[in-house]
Structure formats: structure tokens, C-alpha cells
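For reference, the structure discussed in these notes is given below.
For clarity, every value in this text was computed on a predicted model and none was experimentally measured. The figures that follow rest on heavy atoms only: side chains count, while hydrogens, waters and symmetry mates do not. Read the numbers this way: they start at 1 and go in the same order the structure lists the ligands and their atoms.
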Amino acid sequence: MDTQKRTLSGMRPTGPLHLGHYFGVLKNWVDLQEDCRAYFFVADWHALTTDFADTAVLRHNIGEMVRDWVGAGLDPEKCALFRQSAVKEHGELTLLLSMITPVSWLTRNPTYKEQQQQIVNKDLGNAGFLCYPVLMAADILMYKPFGVPVGEDQLPHLELTREIARRFNSFYGEVFPEPQALLTPAAKCPGLDGRKMSKSYGNGIFLSDAMTDIESKVRGMFTDQARMRRSDPGNPDVCNLFPYHVLLTDAATQADIRQGCVTASLGCVDCKKIFLDRLRVFLEPLQERRASLERRYGSVEDILEAGNEKASAFAGGTMDEVRGKMGL
Ligand code: TRP
């Protein structure tokens, strides 16, 4: 553990986490908590940028997400698990960074334009949504991390964060190092129906799913859609299930499965059985840890309170420096 090195990342509490979250991001977080000082937070203010009108489920979602995190292997004793809205410095730094961020940087952000077009059932004309990346820059720069573990979709935001850091440093002097993106080597994790695994498509396998639910989900899962009969050879490279063997099984088993598929000696039903067994072995310890949260750490609130304190301690130092440099 290099205590001089820091990392930080966050997730919006929008619903239960699925396998895509685990292999795409969370696994990376779990590894990072061993290497350096790690800060992981619930981005509840970010959730409000789009879900501002109905906040009834926010608290529930926060609790469930922290449970998923602990289940996945994040250890509140090794890293800081905190809540964005509890560390008010994030708000102050957002305000200050908004002074130096040109509006044109925000309106030309590809994620902003894309989401404006794609999300049609909500009005995203609010200032908070436009300023989403400024809040994210504040979250990140606050902890001066060497790197930020995120999914690929977050890269435009991270680039903007670096631009804001450069602009700040050029006006007021060197305060913020430019953080690197820490991408997980492409983990392919398609949804049950072949589209991207997403809560809104209802095609996910969730970390907290009961095994019986998972069995029926897997039974209905798409495989190689060109393989109509059991006796037809299949193609693992277009199969929707095979990427999961890549994630969950050793190289030798993968090779056997591939061989069985292309020679039609292994059918999809049996292939799914292998997958289910592996999934069970993977999920059981995760769900056990999830269920033991109270016994080990008290409560979700206790975990977040301890994390808030650790985060505040660092954030306070950064803000003293920022205010000083800005003449406040
Ligand atoms: N935008 C991120 C997401 O949607 C969440 C997030 C907010 C974040 N602030 C962050 C991620 C800071 C990394 C660092 O997933």
C-alpha cells in the first residue's frame, strides 16, 4: 500500500448493481483498495441532476448500493466509502470551478449532447445537468488522485476534468495534478438479450439476485442465434453467453467449451449449466459478504459516517489550499 498515492471514484445510486458493473468497474475498485488510499463515494448529488423530481427512492438506493459494494469486496476498513452530499466541500469546489469553466466546454460535451437526445421522458434543461461535469471535476480534483477507475463512457468527463485542472493551475498556481483514467481491460458483459446490460432494459443479472431468479434468467438467455438445432455447430465469437465463460472460467475450460460448441458436441443447454455453476461459485461469497454487513460493520449508516469523516479530513485540506490560492 502506497499511502502517498490516492484514487477516487463514484457511482450514482440509481438501482441495484449488475455483473456489468462488477466486471467493468467494481473489480478494479476492489483491487485498488489494496494498493493506495482509496475513496469511493455515492454520487447522490449527481443522481439529482436527472432524477430531481422524484427522490423517494434515493435513500433506499443508496443503502442497496453500499451493500452491493461491500458484497463485491470493498472493505470499509481499507478504503473510505462515503456520501457525496455529506462532504459539503464538494459543493464549494463545484461553485469555484464553475467560475473558471466556459459554458461552451459544457454544451459541447458529447455525453451531454447524447443524453439530451436519448433521454426523452425527462426535461434535462436544468442547470444542474449542464454542470454535471463540473461537479464531477470537483469530486475528483478534491482528492488529487493519480488515477480514477471508471468505465469508458466516462472518458469525456475525465478529459474535461483535466482541462479544468489545467485552467485552474494556470490562473492560481499548481494545485491539481491531472488524473489518469484507469480503465478495466475490456470486460465484455452483454445483457441477457444481447444488448448492453442495463437496468432500464431489464436484461441484467444483478449481484443481489436470488439464485432461483438467475436460473430462469439464464434459461432465457440468448446464445448464438444462428444455432437453431442442437446438432448445428455454434460460433462462440458471436454467442451472447461465451463472453461470460471468458470472465468466469479458466483458459483450459474455455478452450473445451469453444471446441464443444464449434463441433456441436456441447449444446447450449449444457453450456448454460456450466455457466450457472460458475456463476453460483462467483456469487455465493459475494452474497454472503452482503448479508454479513451488519454483523461486521454495524450498519450502512455507520460505514458511510466513518467514510465521510475520512473524506472530509482530506477535502478540508484541499479547500484551505484552494481558498488561499484564489484569494478568498
Ligand atoms: N459520472 C459517474 C457515473 O455516472 C459518477 C461519478 C460522479 C464519478 N463523480 C465521479 C465517477 C467522480 C468517477 C469520479 O458513473
Pair D302, S299: side-chain N/O donor-acceptor within cut-off below 3.5 Å | yes
How would you list, by chain and number, every residue that makes a side chain to side chain donor-acceptor pair (under 3.5 Å) with R278, sequence neighbours excluded?
-> none
With K144, which of E321, E174, E178 fulfils salt bridge (charged side-chain N to carboxylate O under 4.0 Å, His left out)?
-> E321
Are side-chain N/O atoms of Q84 and D139 paired as donor and acceptor at under 3.5 Å?
-> yes
Which class fits the ring pair F282 and Y22: parallel under 30°, tilted 30 to 60°, perpendicular over 60°?
-> perpendicular
Would you say the side chains of D224 and N235 form a donor-acceptor pair under 3.5 Å?
-> no
If you look at each N/O of ligand 1, which protein N/O atoms lie under 3.5 Å away, and at what distance?
| residue | atom | partner | partner atom | Å |
| --- | --- | --- | --- | --- |
| ligand 1 | 1 (N) | Y132 | OH | 2.7 |
| ligand 1 | 1 (N) | Q154 | OE1 | 2.8 |
| ligand 1 | 4 (O) | R12 | NE | 3.0 |
| ligand 1 | 4 (O) | R12 | NH2 | 3.1 |
| ligand 1 | 4 (O) | Y132 | OH | 3.1 |
| ligand 1 | 4 (O) | Q154 | NE2 | 3.4 |
| ligand 1 | 9 (N) | D139 | OD2 | 2.8 |

